[in-house]
Protein chains: 2
Amino acid sequence: MRRAGTSQDGRRRATVTDVARHAGVSTATVSRVMNRNYPVAAATRERVEASMRELGYVVNAHARALAGVSARTVGIVVNEVIDPFYAYIARGVEREAAAGDRLCLVCCTQGDPQRELAFIELLHQRRADAVILVGGSVQDRDYVAELGRRAEALHADGSRLVLCGRPGLGEGAPTARVEYDNEGGAFAVTDHLLTQGHRRILYLGGPPKLSTSRDRLAGHRRALKARGVAADPALVRPGPFSRSSGYHRMAELIDAGPDFTAVFAANDIVAAGAAQALEEAGVRVPRDVSLVGYDDIPVAQELRPRLTTVHVPLEEMGRQAVRLVLADGEEDDWREQPTGVVRLGTHIVVRDSVAPPGNGVRARRS
Amino acid sequence: MRRAGTSQDGRRRATVTDVARHAGVSTATVSRVMNRNYPVAAATRERVEASMRELGYVVNAHARALAGVSARTVGIVVNEVIDPFYAYIARGVEREAAAGDRLCLVCCTQGDPQRELAFIELLHQRRADAVILVGGSVQDRDYVAELGRRAEALHADGSRLVLCGRPGLGEGAPTARVEYDNEGGAFAVTDHLLTQGHRRILYLGGPPKLSTSRDRLAGHRRALKARGVAADPALVRPGPFSRSSGYHRMAELIDAGPDFTAVFAANDIVAAGAAQALEEAGVRVPRDVSLVGYDDIPVAQELRPRLTTVHVPLEEMGRQAVRLVLADGEEDDWREQPTGVVRLGTHIVVRDSVAPPGNGVRARRS
DNA sequence: ATGAAAGCGCTAACAT
DNA sequence: ATGTTAGCGCTTTCAT
C-alpha cells in the first residue's frame with residue numbers, strides 16, 4: 001500500500017504546516033483563516049489564502065474530525081435506493097443534511113437485518129452525527145433489544161439513532177422518531193372503498209412480520225369493523241412488497257380465489273403488479289373491480305386508470321428525521337433530550353381506480 | 001460544542017489505550033487483533049476481544065484514516081436520487097462499494113455545476129477512494145478545465161475521478177471513464193421507426209447543452225441521414241428531461257405543430273409526459289402515432305401501451321465505475337494507469353408503442 | 001492578532 | 001508474539 005501522505009507522483013500533499021510555512025505564519029493562523037471563527041488581519045488572511053491556492057491545499061477532514069470537530073456526516077440505512085419509497089425519504093435526508101452542510105452516507109440492506117446492524121456499526125465508527133433507520137422492520141424481541149444497545153452506544157458518543165417510519169424500541173432507548181399515520185391511511189382508504197359500497201375487499205398485504213404491514217392491516221381491519229363488515233380471512237393475502245408478488249398473487253386469486261369486488265394493495269408497487277394481472281385476465285378497473293394502493297409514489301399516476309392511493313409525506317419524513325436531531329446554530333435546549341417524536345399525517349388521494357361494485361371476480365375453481 | 005471524546009453522560013468513550021490497559025496488553029496488540037493482519041496468540045486475542053466488548057469499544061474511523069489507512073469511502077455525485085436513471089447507477093455503485101467493504105457518500109447537485117464542484121471538493125477533503133460523477137454535463141470549456149484540475153488534485157492524493165456516462169476531459173486529465181453507447185442506441189431506435197415506415201419523426205430532446213442530449217440527437221440524425229430522410233428542424237424540440245416538459249411540449253405540438261407520425265422522446269420520463277398529452281388529445285398510440293423513449297427505466301413497462309425504448313445498463317455502469325478504480329486484493333498493475341475506459345452497449349427493447357404510420361398528427365394551426 | 005505546543009485515536013515500523 | 005514509539009493533520013488552549 002502507498003504510504004499515507006505520499007501521492008502518485010511521490011510529492012507529499014500539502015498540509016497546514018506547509019501552508020503555514022509558505023505564508024510565513026503559524027498553523028494556528030491557517031486554521032483560523034479556514035474556519036473564520038476568530039479574527040485574522042485582512043492582509044494575513046490574503047497571504048494565507050494565496051498560499052493555500054498555490055499549494056493546492058485541501059484540508060483533511062479526518063484530521064479535523066479527530067481533533068474534535070463533528071464529522072458533519074449523517075448516515076441513512078434503507079432497504080433499496082431504487083425503491084421510490086426509500087428514495088424519496090433519502091432525498092429528504094440528503095437535502096436537509098446538505099442544508100446543514102453535511103454529507104450523507106447511504107447504506108442499502110436489501111432487507112437483511114444483519115446487514116442493518118453492520119451498517120449501524122460502520123456509521124458509528126465514522127462518528128456520524130446521526131444514523132437514520134428507514135422503513136418497517138421485523139420486531140423480533142432480540143433484534144429490538146440489540147438495536148436498543150446500538151442506540152445507547154451512539155448516544156453515548158454524542159450521536160443519535162433516528163427511527164424513520166418504524167416503531168420505537170421501548171422506553172429506555174435514546175432514539176428520535178419520525179412516524180406517519182400508517183394505520184390511519186389504511187383506515188381511510190378502506191373506508192373509502194366501503195363507502196362506495198364494497199363489502200368483499202381483497203387485501204394484498206406486505207410481509208407479515210414487517211411493522212409497516214401490520215399497521216396497514218390493522219387500519220384496514222379497524223375500518224371493516226367500524227362498518228360491521230366481517231373480516232374474511234380468505235381475503236387477506238400477505239406477501240413480499242414487490243411488483244411480481246402483486247402480479248402473481250393477483251393472478252392466482254383471479255384464477256381460484258374467493259369472490260371480491262375491490263382490491264387493497266398494501267403498497268403501490270404491489271398494486272402495479274396486481275393491475276397487470278387484472279388487465280391480462282380481462283378484469284376491468286374500476287368497472288369490474290376497484291383497486292387502491294398505498295404510498296403515492298409516481299407510478300400511481302402512470303397506471304391506467306390512475307391509482308387511488310394513500311399519500312405518505314416521504315420527503316418530509318426524511319427532512320424531519322435530520323431536523324429532529326441536528327439543530328444548527330439554535331440553542332440545544334429541547335434537542336438535548338434523547339428522545340423526540342414527530343408524527344406526520346397521511347391522506348387518501350382519489351384518482352380513477354375506484355367505482356361502486358361491479359361484476360367483481362367470482363370464484364371459478366377449476 | 002461538546003468536547004471531543006466526551007459523551008452525553010460525561011464518561012469518556014473507550015479508545016485503544018483503554019482497551020489495551022483493560023486487557024493488559026499494548027495498543028499495538030489491540031490494533032493487531034482488530035485488523036487481523038498480524039499473528040496474535042489465541043488467548044490474547046480472546047482477552048482483547050472481551051475487553052472491547054466490555055468497554056463498548058468502537059474504533060474511530062477518522063483516527064484510522066489519519067494514520068494512513070484508506071477511508072474506505074467512495075463518493076458519488078448525481079443530479080437527483082429519485083430519478084431512476086441515477087438511482088440505478090447509484091445502486092450499482094453502492095453494491096460494488098459494499099462488496100469492497102466501502103461506504104458510499106451520495107451527493108445531489110440538482111443539476112447545478114457549481115454544486116458539483118463543491119461536492120467534489122468535500123469528497124476530496126474526506127479522502128474518498130474515488131469520486132464518481134454521473135450523467136451528462138455541460139461541456140463548457142472553462143468548466144471542463146476546472147474539472148480537469150480537480151481530477152489532477154484527486155489523483156495527486158491517490159484518489160480518482162471517474163466519469164460515468166459523460167464525456168472525457170481531454171488528453172491530460174487523469175480520469176477513468178464508463179461510457180455507454182448513447183449515440184448507437186438513438187441510431188437503433190430511430191432506425192426501428194424508419195423501418196416501420198415512419199418518415200416524419202418528432203424528436204422531443206433533452207437540454208441542448210447536456211452531452212447526453214447531444215449524443216442522442218446525433219444518433220437520431222445519423223439514422224435519418226443513413227436512410228436519406230431529410231432532417232426537418234421543425235421536428236426537433238429540445239427541453240428539460242422532465243415529465244412535465246414532455247407533457248407540455250407534446251400538448252403544444254399536437255395543438256399547433258408540424259405533422260408527424262412518430263415521436264422519439266429523449267428519455268422515458270419525457271415519453272411518459274408525452275404519452276399523457278397524446279392520450280388527452282385522443283391520439284392513439286401506436287395506432288395514430290408511434291412513441292419511443294430512452295433508458296428503459298421501470299415506468300416504460302407501466303405505460304399503456306408498454307413503451308418501446310433503449311435499454312441502458314445503468315446498474316452495471318455503476319458497478320464498473322467502482323471496479324475500474326478499486327481493485328481489491330489483486331495486483332495493481334494495470335489499474336495503476338491513471339486512465340481507463342469501459343464502454344458498455346445499449347440495445348433497443350421492443351414493446352407495444354410502435355406500429356407502422358397511422359393517421360399521425362396533422363398541423364391544425366388555429 | 002498571532003504563535004507554541006498539546007493532544008485527538010490509531011497504525012506501523014522497529015525493538016525485543 | 002508482543003511492546004515502544006513516532007507520527008498522521010488538524011484544532012485549540014494558553015501565552016504573548
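Nothing here was measured: the structure is a model prediction, and the numbers come from that model. So you know, we letter chains A, B, ... as the sequences are listed, proteins then strands, and number each from 1.
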Is the side chain of B:Arg13 donor-acceptor paired with the backbone N or O of A:Ala156 at a distance under 3.5 Å, no angle test?
no
Minimum-distance nucleotide (side-chain atoms of A:Arg13 versus C:dG9, C:dA1, D:dG9)
D:dG9
Measure from the side chain of A:Arg64, starting at C-beta and using heavy atoms only, and say which of D:dC10, C:dG9, C:dA12 lies closest.
D:dC10
Under a 3.5 Å cutoff, is there a donor and acceptor pairing between the side chains of A:Asn79 and A:Arg115?
no
Side-chain atoms of B:Ala28 come closest, of C:dA5, C:dA12, C:dC10, to C:dA12
Phosphate contact (C:dA12 OP1 or OP2) by B:Asn35 side-chain N/O below 4.0 Å
no
Nearest to the side chain of B:Tyr38 - D:dT11, D:dT2, C:dG9?
D:dT2
Which nucleotide sits closest to the side chain of A:Pro39: C:dA1, C:dA4, C:dA13?
C:dA1
Should B:Ser31 be listed as having a side-chain N or O under 4.0 Å from OP1 or OP2 of C:dT11?
yes
Among the candidates D:dT4, C:dC10, C:dA12, find the nucleotide nearest to the side-chain atoms of B:Tyr57.
C:dC10
Would you tell me if any nitrogen or oxygen in the side chain of A:Thr29 comes within less than 4.0 Å of OP1 or OP2 on C:dT2?
no
Closest to the A:Val16 side chain: C:dG9, D:dG9, C:dA1?
D:dG9
Closest to the side chain of A:Thr44, out of C:dA12, C:dT2, D:dT11, is C:dT2
If we ignore angles and hydrogens, is there a donor and acceptor under 3.5 Å between the side chains of A:Thr73 and B:Arg126?
yes
Side chain of B:Leu66 - closest among C:dC10, D:dC8, C:dG3:
D:dC8
Could you check whether the side chain of B:Arg127 and the base of D:dG9 have a donor-acceptor pair of N or O atoms closer than 3.5 Å, going by distance alone?
no
With the side chain defined as heavy atoms from C-beta on, B:Ala41 is closest, among D:dA1, C:dA13, D:dG9, to D:dA1
5' priority, DNA chain D, between B:Val25 and A:Thr15 [closest heavy atom]
B:Val25
Using 4.0 Å as the upper bound for N to carboxylate O, is an ion pair formed by B:Arg319 and B:Glu94?
no
